[in-house]
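This report refers to the structure that appears directly beneath it.
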Protein chains: 2
Amino acid sequence: MTSLTEENYLKAIYTLIQSTDKKASTNEIAKKMDTKASSVTDMLKRLNEKKLVDYERYKAVKITEKGEKVAISIIRKHRLWEYFLVESLNFGWDEVHDIAEQLEHIESVELTNKLDEFLGFPKFDPHGDPIPNNKGVFPRRENQKLSEVQEGKELIIIGVEDHSPSFLNFLGEMNIQLGTELSLRTKHQFDNSLVVVNNENQKFTLSQKVASNLYIKIKNED
Amino acid sequence: MTSLTEENYLKAIYTLIQSTDKKASTNEIAKKMDTKASSVTDMLKRLNEKKLVDYERYKAVKITEKGEKVAISIIRKHRLWEYFLVESLNFGWDEVHDIAEQLEHIESVELTNKLDEFLGFPKFDPHGDPIPNNKGVFPRRENQKLSEVQEGKELIIIGVEDHSPSFLNFLGEMNIQLGTELSLRTKHQFDNSLVVVNNENQKFTLSQKVASNLYIKIKNED
DNA sequence: TAATATTTTTAGACTCATCTAAATTTTTAA
DNA sequence: TTAAAAATTTAGATGAGTCTAAAAATATTA
Ligand SMILES: [Mn+2]
Ligand SMILES: [Mn+2]
Ligand SMILES: [Mn+2]
Ligand SMILES: [Mn+2]
């Protein structure tokens, strides 16, 4: 029904619209897919034919409900497989993305749902990203960034924005993972860098760039 | 390196040669792959280019060592995933083949080996087929068929030749699965049908066709 | 051995997905 | 409000994999 390539385009278009809250442009899609704008135009025509997107030439593209369903199903599979790879097979969270890129295209609703059940219906993947349920509904995640927190607050790391192995490795060296609790001591006005303390009373500095790539939840605030 | 299609051809060629112990013909491959002979010829040229098979026009084809490695790796993945689907996700043995056909092409040696470890290094898949280890070595399986057994013998079902859902469903109705123990009472000369008794003392008849699709091990014979 | 049947290959066309180069449309800004 | 810049689309080509129809090679059998 939908080819592997079509699925990847739909996922890209869906996440682009999601993150910017507007229609996706040909160039944006090309950049995200690491391909040429002309190839994107070709594909948009095909996806439009199949009623998976709403597309008119020279106008940015919108995803249809039908296309959105496909995209969400791919995201669900990607995140469930990542969870499996980390929790069952003991991969590191920096090693699973590329494998999940392949596994997300395995076609079997039964498989996806049985995997979900086997894993205990996890709500978030190893990077803290919400896993849609079999109806396509995403669990809610706090979307506050560490860079937005006030001095003196205690917080828990609940997700990462950047999924690159280099960033994840860096966090590993800092001993930061999902669930890590930190206390924000100082926020330097000059460069917005943060001084934080962890549970082992280790004190260290995080740059504004790092802080803006970490999702957090304030402790003792429900 | 090798495309999904190439991998499927190599697997087909490998198993054809395996089962008939001679080179594979274009027509045989076409039949197994459910495609046209002309498509097979095209592919054989390409595989020959890549040194994955030895092929000369009008001569039947042989697989190279390089090609064999690929084929065995696909078979290893296929059988490990089938084991996972049945043992971890509770699929029936008649439901897993098509999903494994997809999963066998996931490319990651690390994934395969971690899956193997997670499953406890199984030696046989849910149909009793041997799973090659990470060196490509197959464990040995008794290859005696139920149709070759003498009257009066006690035996254990250890594998099936036919993997089709219809045959597997039939066995399910007969309460036969891997590990089932049977005692062979009578062998009718007329049609080679067998009368067997199971552990619950149920007596039933199996046709020659059924018996020749069941691998068995004689009890009390090591 | 010659005719016939079967197997296999070639020729040519099609689809999907991609690319480069050129043309067109839209946006920006002088 | 034009001219330049940027974004987008079209035109034309390529490669993988497939197909049908026709040709060529091989195998069978009279
Ligand atoms: Mn990922
Ligand atoms: Mn993730
Ligand atoms: Mn199978
Ligand atoms: Mn099997």
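FYI, side chains are in, hydrogens and waters are out, and symmetry mates aren't considered; it's all heavy atoms of this structure. Note that the coordinates shown come from a computational prediction; the quantities given were computed from them, not determined experimentally. The chains referred to below are lettered A, B, ... by the order of the sequence lines, with proteins before strands, and numbering in each begins at 1.
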Which whole-number value in Å describes the distance from [X] [atom1] to [N] [atom2]?
X: A:Glu6; N: C:dT18; atom1: CD; atom2: P; answer: 10 Å
X: A:Lys59; N: C:dT27; atom1: NZ; atom2: C1'; answer: 13 Å
X: B:Ile29; N: C:dT8; atom1: CD1; atom2: P; answer: 9 Å
X: A:Lys31; N: D:dT8; atom1: NZ; atom2: C1'; answer: 17 Å

- Counting N and O atoms only, with roles assigned by atom type, does the side chain of B:Lys66 sit under 3.5 Å from a partner on the main chain of B:Lys50, one being a donor and the other an acceptor? yes
- Message: So does A:Ile17 get a backbone contact from the side chain of A:Lys62, meaning a donor-acceptor N/O pair under 3.5 Å?
- Response: no
- Query: Is a side-chain donor-acceptor pair under 3.5 Å present for B:Gln208 with B:Ser147?
  - Reply: no
- Message: Less than 3.5 Å apart, any donor N or O on the side chain of A:His78 or A:Asp129 sitting next to an acceptor on the other?
- Response: no
- Query: Side chain of B:Thr26: nearest nucleotide among D:dT8, C:dT7, C:dT9?
  - Reply: C:dT9
Give a yes/no on whether any side-chain N or O of [X] is located under 4.0 angstrom from OP1 or OP2 of [N].
X: B:Asn27; N: C:dT6; answer: no
X: B:Tyr55; N: C:dT9; answer: yes
X: B:Arg57; N: D:dT26; answer: no

- Just checking, A:Arg141 and A:Tyr215: is the charged tip under 6.0 Å from the six-membered ring centre and within 45° of the axis? yes
- Item | Strand-adjacent residues in residues 34-54 of chain A, judged by heavy atoms under 4.0 Å from DNA chain C | A:Thr35, A:Lys36, A:Ser38, A:Ser39, A:Asp42, A:Met43, A:Arg46
- Item | Residues in salt bridge (charged side-chain N to carboxylate O under 4.0 Å, His left out) contact with B:Lys114, at least two apart in sequence or another chain | none
- Message: Regarding C:dT24, can its base be found pairing with the side chain of A:Tyr58 as donor and acceptor, where the two atoms are less than 3.5 Å apart?
- Response: yes
